[in-house]
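Below, chain A is the first sequence line, B the second, and so on; all start at residue 1. Computed from heavy atoms alone, side chains included, the values below leave out hydrogens, waters and symmetry copies.
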There are 4 protein chains.
Amino acid sequence: MNVLLDASKKDTKLPAITRAAVALFVTRGVASTTIREIARAAKVAEGTLYRHYESKEDLARDILETSLATFTSFLDRKAREHPSLAGRLRGMSEAFAEAYEDNPDVARFILFSHAAEVARLPKQMRMPRNVVLDILKEAQAAGEIPKDADREMLQAMILGALARVLLAKAYGDLKGGLREKAAEAATWLQRMMGVA
Amino acid sequence: MNVLLDASKKDTKLPAITRAAVALFVTRGVASTTIREIARAAKVAEGTLYRHYESKEDLARDILETSLATFTSFLDRKAREHPSLAGRLRGMSEAFAEAYEDNPDVARFILFSHAAEVARLPKQMRMPRNVVLDILKEAQAAGEIPKDADREMLQAMILGALARVLLAKAYGDLKGGLREKAAEAATWLQRMMGVA
Amino acid sequence: MNVLLDASKKDTKLPAITRAAVALFVTRGVASTTIREIARAAKVAEGTLYRHYESKEDLARDILETSLATFTSFLDRKAREHPSLAGRLRGMSEAFAEAYEDNPDVARFILFSHAAEVARLPKQMRMPRNVVLDILKEAQAAGEIPKDADREMLQAMILGALARVLLAKAYGDLKGGLREKAAEAATWLQRMMGVA
Amino acid sequence: MNVLLDASKKDTKLPAITRAAVALFVTRGVASTTIREIARAAKVAEGTLYRHYESKEDLARDILETSLATFTSFLDRKAREHPSLAGRLRGMSEAFAEAYEDNPDVARFILFSHAAEVARLPKQMRMPRNVVLDILKEAQAAGEIPKDADREMLQAMILGALARVLLAKAYGDLKGGLREKAAEAATWLQRMMGVA
DNA sequence: AATGAATGAGTGTTCATTCAT
DNA sequence: GATGAATGAACACTCATTCAT
């Protein structure tokens, strides 16, 4: 299954371009990556990029938007496979792990994009933040967590924690399988929320 | 007190330059910020920047390195004002809040620098990560948290959570005073670690 | 009758191409017109242009050369329908008007091509200038105009005047029918030459 | 005296740029002239051009606008040195000659700019056309030419004739001094208008 | 130390041309 | 003949850096 980026287009050069672009974006940043580098990495002529995207910014924005939308709904789905907050924290943690396993570059690109890039996305776009906020709201309604808990802060803490665990994995700081780590992270989060 | 960036130099134009640079770096990113923009914002001629720094990269690296070193030792100090893990989590949370209050731009620049920029720092440099790792080690030695807990993962979760709370504040998503939010965040972290 | 451009080819896409090309050349200039624009305007694929012409320059040169040759002989014919200089001036003036009525774009393309484009035409090619020079020579031989009149200058004045009248018409500066204006212009030229 | 282009700026590289640009524009056309060519011809770095002009189009427009404004008022002044239409035709003819002698490239650039370039000029800008129209109006008021003569057409004929004479000179088709030719052209125009 | 005009390598982008279908 | 995706050289333009003042 393709969690982050649908590369199942016809036999166009688009998948190669996208893959090469993300890999470069994630290591050097969008601004420091040149069109020439992307083209070379994708084994494509420079002009070919402009058949698929209007500009470099458009390419970056499109990848971010598409991947982020895919991940957001994947996160939502994985969370809602469970009824309880405890299960949902576990589901979200697994979603992060699976996304990373599916495509580490894209996962990092999504989770650590610069604010300037995120600002270019559609204003009303549903984000991981919205998924977590909804889940927390439901948990409050169900009496699983205190009604007066600051959801915005909890959402920031949960996503911040999960994202940084992935980054640690990417940096090689984390020993062991990602799935096990995800389960472990979920357990800590459940303790934090008092639903262990 | 100056938590992040010492601007108390003689009557040189350096403080104006660093202040302008950070503000731009944090909104547009280092690569997308031009020397001309920095010079204009600092009300200084373009060439003047080269009296103080060898290059734009050098400027960015120097600010990051200096601020990060300052913050790291500040974080260490604030944590070690307390003997218990509970107190230290509270101290670190406060360190984040104070750093942000002292200079929001610099705080964000430190906490959300791109991997490529961090990679340029001295290999052996002490980072917030090392502060937290040491504290967790001591907490394990004191029996406050399980001996088999994965410190790397906990460090990632703690710093990820605190950093993202700051980002939420910067985005205006968080209502209320930062100090109160810091106390609240510390409480959640204490629950997570079982030291509430 | 086709005065400027023979579009009566078989059922090829050539006429559509030349028509579209001239329209674009005349408004944007040859250099600023792209193959893609021509192809789009002619409802033809870009590659199709290269079935008919070797290059964009070749296309422009061919249109210019063909149309100019057609116009030059048309101008000659219309002039020589009359024996006197007065009549011939009238005939030439009518030739300009008819050419414009036949195909305004092509007429403007011929009359206001850039020097660089004209320079690419065959060196020995007969031009409107040659037609007028011959007619002036004959008028001198017939004693209609002074033997010492500078034919080159007169030719420039006559063609410059007639061409610019057409341009004024194209710009919408000229009220009234073009044929009447042509007659009027001829009258002024006849006065100039003293053959009214 | 500087008839067309004021090159008396401080000791900047602007005059060299302007001179080189006009020379290239007039032989190859604006669109076909590259920034590199201009820079090389002006013995200046490419980036230097952008200290003085925002873009290549801006450069072309600025030169055209400035030179055309200068020429238009020069034409006006030379014409109005005389009270009669005959004198004014002579004055205008001289203005053309002097402009060409002052700077042949600029004169040609003005008189034979492509329609697309002229279209970019300020809408309300005074043009040679307006000068001639005013003079013809006054000549009609003074009874020197018929009240019902089409001024637009006469203006086109006069300017077209004078411009093309200059072009003939530039092409080397015209023998003799330009001033003498100007006087001769003026005589023909006076005959045309019936004020010889 | 400070200036800012000048530099030119390097960037994103365009577009005439090719060629497999 | 016709197509249009792919190409890559060439373009306009940017910007970090230098240096004479």
Checklist entry - Between E57(D) and R61(D), does at least one N-O distance fall below 4.0 Å, as a salt bridge requires? => result no
Checklist entry - Could you spell out the base pairing of DNA chain F in dot-bracket, with Watson-Crick or G-U pairs whose two distances are under 3.5 Å, [ ] crossing and | to another strand? => result .||||||||||||||||||||
Checklist outcome for this item: A45(D) has its side chain closest, among dT7(F), dT17(F), dT7(E), to dT7(E)
Next on the checklist: As a test of reading the structure: which of dA10(F), dA6(E), dA2(E) is closest to the side chain of R36(A), going by heavy atoms?
Outcome noted: dA10(F)
Next on the checklist: In this structure, how many angstroms lie between the P atom of dA12(F) and the CZ atom of R40(D), rounded?
Outcome noted: 13 Å
Next on the checklist: With rounding to the nearest 0.5 angstrom, report the OH to CG distance, Y53(B) to L14(B).
Outcome noted: 4.0 Å
Checklist entry - Tell me: CD1 of I38(A) to C1' of dT11(E), nearest whole Å? => result 12 Å
Item to check | Nucleotide dA16(F), atom P - distance to CD of E46(B) in whole Å | outcome: 9 Å
Next on the checklist: Please report the distance, rounded to the nearest Å, between CZ in R51(A) and C1' in dC15(E).
Outcome noted: 10 Å
Checklist entry - Within the distance-only criterion (no hydrogens, no angle test), does the side chain of S113(D) pair as donor or acceptor with the backbone N or O of I110(D) below 3.5 angstrom? => result yes
Item to check | Test log, rule side chain to side chain contact (heavy atoms under 4.5 Å, CB included), inputs F109(C) and L68(C) | outcome: CA-CA 9 Å; F109(C) 185 56; L68(C) 195 47; over 6 Å; no
Checklist outcome for this item: DNA chain E nearest-nucleotide lookup for V44(D) and T33(C): closer to the 5′ end is V44(D)
Checklist entry - Is S32(B) touching bases, backbone alone, or none of the nucleic acid, heavy atoms closer than 4.0 Å? => result nothing
Item to check | Protein-nucleotide distance (L49(A), atom CG; dA9(F), atom P), rounded to Å | outcome: 15 Å
Item to check | Candidates dT3(E), dG8(E), dA16(E) - which lies nearest the side chain of T48(B) | outcome: dT3(E)
Item to check | First of I35(D) and E54(B) reached from the 5' end of DNA chain F, by closest nucleotide | outcome: I35(D)
Checklist entry - Under 4.0 Å: is that the gap between some side-chain N or O of H52(D) and OP1 or OP2 of dA5(E)? => result no
Checklist entry - Hey, does the side chain of K56(D) reach the backbone of T33(D) with a donor-acceptor pair shorter than 3.5 angstrom? => result yes
Checklist entry - Quick check: does any side chain N or O of T66(A) sit under 3.5 Å from a backbone N or O of I63(A), one acting as donor and the other as acceptor? => result no
Item to check | Given DNA chain E, 5'-ward residue of the pair T34(C) and G47(B), judged by closest heavy atom | outcome: G47(B)
Checklist entry - Looking at NE2 of H114(C) and CG of L64(C), how far apart are the two atoms once the value is rounded to the nearest 0.5 Å? => result 13.0 Å
Checklist entry - Whole-Å distance between dT7(E) C1' and Y50(B) OH? => result 13 Å
Item to check | For atom CG of L14(B) and atom C1' of dA2(E), their distance in whole Å | outcome: 13 Å
Checklist entry - Between D58(D) (CG) and dC13(F) (C1'), how many Å, whole number? => result 13 Å
Item to check | Residue whose closest nucleotide on DNA chain F lies nearer the 5' end, S55(D) versus A31(B) | outcome: S55(D)
